[in-house]
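First the structure, in the form of structure tokens, and then the observations on it.
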Amino acid sequence: MSAGNEAAGFGTARGVDTTVLGENEIILNMGPQHPSTHGVLRIKLRLDGERVVDSECIIGYLHRGVEKIAEHRSYPQFAPYVDRMDYVAAVSNGLGYCEAVEKLLGAEAPPRARVVRTILAELQRIASHLLWLGTHALDIGALTPIFYSMREREEILKIFEKYCGARLTTHAFRIGGLQYETYDTFEYDVKRFCEALAARIDEYETLLTENRIWVGRTKGVGVLSADDAIALGVTGPVLRASGVQWDLRKAQPYAAYEQYQFEVPTRENGDAYDRYLVRIAEMRQSRLIVLQAVEQIPEGPIMARIGKVLKPPPGEVYHSIEGPKGELGYYIVSDGTIQPYRVRVRPPSFFNLQAFHRMARGAMVADVVAIIGSIDIVLGEVDR
Amino acid sequence: MVKRGGNDEDPPEKRPGDESVPDASSGASNVLQFPTSLKKVEPEAAAEAAKPARRVPGSAPAREAPPAPAPFDNELVQRLRARFGDAIGEVTIDRKQVIVIVDASHVREIALACRDDEKFEMLVDVTAVDWPRRERRFDIVWNLYSLTKNERLRLKAHVTVGATVPSVTSVWVGANWPERECFDLFGIVFEGHPDLRRILLPEEWQGHPLRKDYDILKQDTEWVREHLGIESGQ
Amino acid sequence: MRTLLIPVLCAVVIVALLPLIAGYIVLVERKVMAHMQARLGPMRVGPHGLLQPIADALKLMLKEDVIPTNADRLIFWFAPVASVAAALVAYSAMPIGPAFQIADLNVGLLFIVAVSSLGIYGVVLGGWASNSHYSLLGAMRSAAQLVSYEVAAGLALVSVLLLAGSLSMKEIVQAQLDQGVWFVFYVPFGFFIYLVASIAETNRAPFDLPEADSEIVAGYMTEYSGFRWALYFLAEYANVIVVAGVATTLFFGGWLRPLTRYHDHFPGTHVELLDVVPAFAMIALALYCFRLAPRQPLRVQKRVMAAAGVKCVLFAGILFAALFGSDAVREGVHGAFWFLAKVGAYIYCFMWFRFTFPRYRFDQLMRLSWQFLIPLGLVNVIGVAVAIVLRERWDWNPFFSLVPTTIVTLGFAAWLTADKLELSGTDEDIAAESAAVLPGSGE
Amino acid sequence: MMLAKLLFYFFALLAVGSAVLMVTRRNIVHAAVFLVTTLLATAGIFLQLEAEFLFVVQLLVYAGGIMVLFVFVIMLVNLDIEMRAVRFNKQWTVAGALAFVLAMQVLTALWVGRKTFHLPAAPAALAERNTETVADALFSHFVLAFEVASILLLVAMIGAVVMGKRRAE
């Protein structure tokens, strides 16, 4: 049924044909209420026995019209809304939005703010990856890692809570700088956490990395080649696991990333196992960044002088950051008023999820959950 | 490493006076080399990335108010103009971002040229902006990114209501969902799209919410009544 | 009629106690899981959650019994009952100590295997009757899994049968007493195969595919709720106890205590030294309870904890008093103790595996059985047969006659895992398989 | 002895009743369930005859093995279509006539041979270790037949594998 698309080089998702079923074929609806579709994703699977013949992701169950809301809020008013898109990485969302608006204004956050932003964004990346690790392992049937990873994530959320009072939807930054000055023991807390984290990551790896069943369940599953990944607009760890060494923190540095040394881990095979390894390695790198950053937080103001009322001059800007899940971009059009004329969010999960159809071909039902887990989607971001 | 003031740079532009500072992508000692070709880091690619920066004429310092969109020209633009002639409209630079206005009907060919000849391998996003007072009321925006050159490029086309835009799904398969989203929320029809259906809203929904004439409180009351069994979702 | 009285009593005891025992195994499992996962587990109902199973049971009984529309009502109703019935009937041939056995069939082992394999009907029919695709997938997985692993388990059992020369559970234990060694030391690979196969047969992680919650929601149990669901749960845990009992009887000497050949007595009495160990263990447990009791926050919790301690003292008393009773009493009580202790240890291993390993995929599960366990089992059986010939024809020492068998089986296992057992298909495999299932993709 | 008789009639009635239900049910899953019940009831009669090995084999092979695979296959069949399918209802008369003739034959045979119709007394020693007895018989006296049967099964198995393989390729 996908022969036409094959000619064009790819099987693009085209909706599952439910009318003509071969013998032994069944249609299975996974979701929107399913334990491991990570929210309200619905996947229509056409199965031959347990093997996936065709698949279609049906999204939109969490659509709240965030982009429409943005057109009716002033620039600072909209900032809390972005936290609710990728709600497991709210800090990164806020960072992207604030920087995009700053770029639109032609303003720039002071050095202290940029370093603190980097620290919080990297902690958020670790938290997001920890949550991913736990749920992914749970999907594959390992019951224990989630409790270990939640234990560590809790430490990060405590730091967020001490910093801004909120744990999940933090709204940690302000356009032009930071919402709050850091608290007294901020550096100490962050350092202590980072020092403990290395051993903890080793612990997860002991449980999973060389576990025969884990390797068997993830290796060769959901393979995405580098060319496919680029053509599909896939970014983030999924792209890097396919062998493309591309990370916006290096390619087009923002915040204070260019000050720090870190590596961009990549893998070759582009399967679920490589995505796992890439994310684990990324956590280690993020830890290094945080340790470097927290060592020297420059003194100085935390807010740039941007005025009380934000009225960016007319024009448009596209600014993107490397979110935990991939390229998180904001395309903001200003008409010179206090409200954005248009805010377009380029959510990484949306594009990464698009690659699901490609990864799932020929997989088994059990692989489907492994693949969804390995993409690391958040439906709040996909549906906006 | 020397600290830079700008919180980001969008090549091909570069702030004047920044020449002494090594570009993050051109291989400062502590930084991994960027950009990369696929799969392998190639030093040549990194060297190449620095090139477009030198072509750029100077612009205002960063801390002042951003410049108004200014006309822009470089080799890339010239090549595109030479090849597509009138299909390439105005080319401007706004806040260090190159925006190329293109003729909607030639988008597929231009996109193909951008992908294959200019090495913009990745389609980052497809979206639209509604300007209801304009005659050609929609701006369709394609954000491109070149992994080889570490550059961004924005194609923009103005279209009228009801006009169809060629789909670029044959150029980048990744355009599938964002084009569906544009269709869903703006009602823009992409010709040649393999499966142009609503994606975020229910299939039977009437109206396109991101159009400016669609009020924020408005909804498809018929649909709500029928499917949710309530009078109004408000 | 007299002959029937004791078996009927035993049966009533089993049927009455089993739900309670299963409930407490669930509690222990949750506690073990919690402590392996750096948390506390049930703590609210009773001290350390000791009353949790009762609360759970009450809740399940009061819950609404939902039957899906278009479900096959008759079979939907019948399936969980069949599951539980099969699990319970299997106990009738299980010797819990030398005195407590409903019927000593001379084909006892086969009977247990046969009856517990009937439990599959509950799963398959329940999954089918639910009229849900998840349930159907779960049922299909379950049927295929059980049929495959029964073969492997059967081969493991044959290796013991060759050594014991009988199918009667009692005589198998007697054989271990006569030969003076638990069969697990004679046929370690037989035990290994049975361990893996028994986990798979009881649908426990890492082989819990029929109820894999992250893939097919809850498999065959998806549409069940309330008491019917509880019946499935009961059947699962009853089956766990059955396989643990079979493993204990066949490989760990059933009710025999460790060091069966060590018979030193206390001077002047006929009480054996080692027989007092269980009583002292119980007293230690009681002391632990008493130590914890004052630290409980609530009065009722203190009391329950103290009661648990008193109960342990009581058990210790029974174990101790039994030493001075007649031989039958002594062996009955202590045999039951050792049997239950071994069963408990076996079940603990089940739990441990469950919290450590991720879940297999279906094709990997099948490959593990057909390409690894079954060939290994065949080699093992042949090896044991050779060993018996060596022993009987050439008077080899029974233990040394089995050494070559073990080595050969070990080598075979190494060879299988090195070359054959490719759990993750290679890229070509996947390409070939997707080409097979995707119409048009090969064009 | 009363109990034994009661049990026998229970099993016998169960077997016959389930067998009748099995043929009359339209829903083939129900039919399969009744077939299993029949097999189990027959197994119960075997147990009463102290043929413990036979009883267990009946459970293990027929009820636990073959019928599970049956049910497995039946589950995958689209039942709605099957249940709506037209049966061969017009054959009632032919079937009835044949059944009547058969019944008359059996009754005649019973009537004619009623004088010689005595069951031999059960051999007393058989109950002891009947598994071994069966094994001895199979592996010594009937070893050729046994091996022929196993080769037949092996061939069938290989055939099934070959046919299954072909589909995958």
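Quick note on labels: first sequence line is chain A, next is B, and so on, each numbered from 1. Please read all numbers here as calculations on a predicted model, not as lab measurements.
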Practice problem: With rounding to the nearest 0.5 Å, note down the distance linking CZ in C:Arg39 to CE in A:Met150. | Solution: 11.5 Å

Quiz prompt | Distance, nearest 0.5 Å, that separates CZ of C:Arg361 from CG of A:Asp367 | solution = 4.0 Å

Quiz prompt | From CD (C:Gln37) to CZ (A:Arg151), nearest 0.5 Å | solution = 11.0 Å

Quiz item: Quick one: CZ on C:Phe207 to CD1 on A:Ile213, what's the gap to the nearest 0.5 Å?
Solution: 6.5 Å

Exercise. Tell me whether the guanidinium CZ or amine NZ of A:Arg217 lies under 6.0 angstrom from the six-membered ring centre of C:Tyr360 and within 45° of its axis.
Key: no

Exercise. First locate atom CZ of C:Phe362, then atom CZ of A:Arg51, and finally report the distance between them rounded to the nearest 0.5 Å.
Key: 11.5 Å

Exercise. Please round to the nearest 0.5 Å and tell me the distance separating atom CZ of C:Arg359 and atom CG of A:Leu138.
Key: 8.0 Å

Exercise. Might you point out which heavy atoms bring A:Leu207 and C:Thr356 nearest each other, and give the distance in Å?
Key: CD2-O, 4.3 Å

Quiz prompt | Minimum side-chain heavy-atom gap C:Arg141-A:Val365 below 4.5 Å | solution = yes

Exercise. Please state whether the side chain, the backbone, both or neither of A:Asn29 comes within less than 4.5 Å of a heavy atom of chain C.
Key: backbone

